[in-house]
Amino acid sequence: MELIKIYQGNLVDARELHNFLGSKQEFANWIRNRIKRYGFEEGQDYTSFDKFIKREKGGSKRTEYALTLNMAKELAMVENNEKGRQARRYFIEAEKTLQQLKENKRLESFLKLEATKDRFSKNVAALGGTNEDYIQIDYDGRKVFFNGEPIPDSQLSLVLMKGRDLAVELTNENIKEGITSLDDVEALHKINHNEVRNTIISRSGKKPEELKPEDEIKNLGAGDKE
């Protein structure tokens with residue numbers, strides 16, 4: 001049973017954890033106090049990012065936090081209540097599942113792709129783009145890859161995961177070479193996905209959209225090895 005959503009296999013949304021624990025403290029104070037009190041380090045235990053919240057009249061910006069499983073487990077433990085103990089046991093089981101799955105080749109490729117996408121997101125941010133810009137640029141590349149509506153990355157076959165990883169990595173290299181315009185990044189991202197698409201077609205005789213989705217990564221069993 002999924003008590004708290006775990007993203008990318010090993011990240012927890014701090015706000016979702018706060019809601020589950022039922023803390024009466026305001027979220028912003030709760031997370032800042034715990035980071036300071038227990039010495040958590042950004043980049044190692046968590047990452048923070050700004051999120052724009054749309055409202056009927058304008059909107060507002062708030063800071064969100066993505067926690068490692070270890071940090072989420074510690075926060076659950078120090079809450080010192082039944083909800084905290086329940087969350088801690090849940091995270092321990094999640095860590096065991098990750099350990100069991102680490103040799104699965106699809107999972108390995110998925111985690112590699114997620115890491116490559118994370119660097120791409122940071123590269124887009126370094127060029128002045130928002131998280132929404134990154135999502136849209138990557139979505140446009142995926143549409144080219146599938147010549148239409150894309151399959152979620154978590155359902156890709158092994159070859160398509162590796163293809164996606166290569167296309168995104170090529171865009172990272174383009175940015176490293178000095179591309180500074182988000183429009184150029186978007187154009188190159190489409191080109192890279194199209195070139196990888198054509199390679200897959202020429203080598204396998206099948207188009208990416210003809211390769212059926214596979215089981216969600218999170219549903220793979222320990223014995224399900226490629």
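If you read the sequence from its start, that first residue is 1, and numbering goes on from there.
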Measure across [X] and [Y] and return the closest heavy-atom pair with its distance rounded to 0.1 Å.
{"X": "R106", "Y": "Q155", "value": "NH2-C, 3.7 Å"}
{"X": "K162", "Y": "S109", "value": "CE-OG, 3.6 Å"}
{"X": "Y139", "Y": "E149", "value": "OH-OE1, 2.8 Å"}
{"X": "T130", "Y": "V124", "value": "O-CG1, 4.1 Å"}
{"X": "G39", "Y": "D45", "value": "O-OD2, 4.5 Å"}
{"X": "N81", "Y": "G84", "value": "OD1-N, 2.6 Å"}

Contacts under 3.5 angstrom, residues 177-185 side chains, donor-acceptor by atom type, not counting sequence neighbours:
unit_1 : atom_1 : unit_2 : atom_2 : d
S181   : OG     : D183   : N      : 3.2
S181   : OG     : D184   : N      : 3.4

Please report the interatomic distance [atom1]([X]) to [atom2]([Y]), rounded to the nearest 0.5 Å.
{"X": "L160", "Y": "R164", "atom1": "CG", "atom2": "CZ", "answer": "10.5 Å"}
{"X": "N194", "Y": "L188", "atom1": "CG", "atom2": "CG", "answer": "12.5 Å"}
{"X": "L17", "Y": "F91", "atom1": "CG", "atom2": "CZ", "answer": "5.0 Å"}
{"X": "I201", "Y": "E209", "atom1": "CD1", "atom2": "CD", "answer": "6.5 Å"}
{"X": "I6", "Y": "D13", "atom1": "CD1", "atom2": "CG", "answer": "12.0 Å"}
{"X": "E210", "Y": "I200", "atom1": "CD", "atom2": "CD1", "answer": "12.0 Å"}

*Among pairs that include at least one residue of residues 16-39, which meet ring pair (Phe, Tyr, Trp, His ring centres under 6.0 Å), considering only residues two or more places apart or in two chains?*
H18-F27, H18-W30

Going by salt bridge (charged side-chain N to carboxylate O under 4.0 Å, His left out), name the residues that satisfy it together with [X], two or more places apart in sequence or in a different chain.
{"X": "K117", "value": "E114, D153"}
{"X": "D165", "value": "K112"}
{"X": "K176", "value": "E173"}
{"X": "K122", "value": "D118"}

Close side-chain approach of [X] to [Y], heavy-atom, < 4.5 Å:
{"X": "E169", "Y": "R119", "answer": "yes"}
{"X": "T68", "Y": "N10", "answer": "no"}
{"X": "Y90", "Y": "I4", "answer": "yes"}
{"X": "K207", "Y": "N147", "answer": "no"}

Linked, directly or transitively: [X] and [Y] (ILVMFWY side chains, under 4.5 Å):
{"X": "F146", "Y": "I191", "value": "no"}
{"X": "I135", "Y": "I137", "value": "yes"}
{"X": "L67", "Y": "M77", "value": "no"}
{"X": "M161", "Y": "I151", "value": "yes"}
{"X": "L158", "Y": "L113", "value": "no"}

*Distance-only donor-acceptor check, side chains N70 and E74, under 3.5 Å*: no

*asked:* What I want to check is whether the side chains of E216 and S154 have a donor and an acceptor closer together than 3.5 Å.
replied: yes

_Show me the pairs that pass salt bridge (charged side-chain N to carboxylate O under 4.0 Å, His left out) and involve residues 15-27, at least two apart or across chains._
R15-E64

*Pairs satisfying salt bridge (charged side-chain N to carboxylate O under 4.0 Å, His left out), at least one member in residues 28-40, at least two apart*: R34-E79

*asked:* Please evaluate residues R85 and E82 with respect to the criterion salt bridge (charged side-chain N to carboxylate O under 4.0 Å, His left out), reporting the C-alpha separation (whole Å), side-chain torsions for both, the decisive distance (0.1 Å), and the verdict.
replied: CA-CA 5 Å; R85 288 186 285 273; E82 182 54 36; 3.5 Å; yes

*Donor-acceptor pair, side chain of Y46 and main chain of M71, under 3.5 angstrom*: no

*Just jot down the side chain to side chain donor-acceptor pair (under 3.5 Å) partners of E42, sequence neighbours excluded, or say none.*
S48

*How would you list, by chain and number, every residue that makes a side chain to side chain donor-acceptor pair (under 3.5 Å) with N192, sequence neighbours excluded?*
T171, N174

_Lys/Arg cation over aromatic Y7: K5, 6.0 Å, 45° cone_ = yes

*Please say whether more than 12 non-hydrogen atoms of neighbouring residues, nucleotides or ligands are located less than 6.0 Å from CZ in R88.*
no

_If the test is side-chain hydrogen bond (donor to acceptor under 3.5 Å, both in side chains), which one of D133, D138, D140 qualifies with Q136?_
D140

*What residues, two or more places apart in sequence or in another chain, satisfy ring pair (Phe, Tyr, Trp, His ring centres under 6.0 Å) together with F110?*
none

_I'd like to check the ring pair (Phe, Tyr, Trp, His ring centres under 6.0 Å) partners of F120; sequence neighbours left out, ordered by chain and number._
Y134, H189

_What verdict does the side-chain contact (heavy atoms from CB on, under 4.5 Å) test give for N33 and Q25, after you've listed the backbone C-alpha separation in whole Å, the side-chain angles of each residue and the deciding distance to 0.1 Å?_
CA-CA 10 Å; N33 289 342; Q25 289 187 56; 3.6 Å; yes

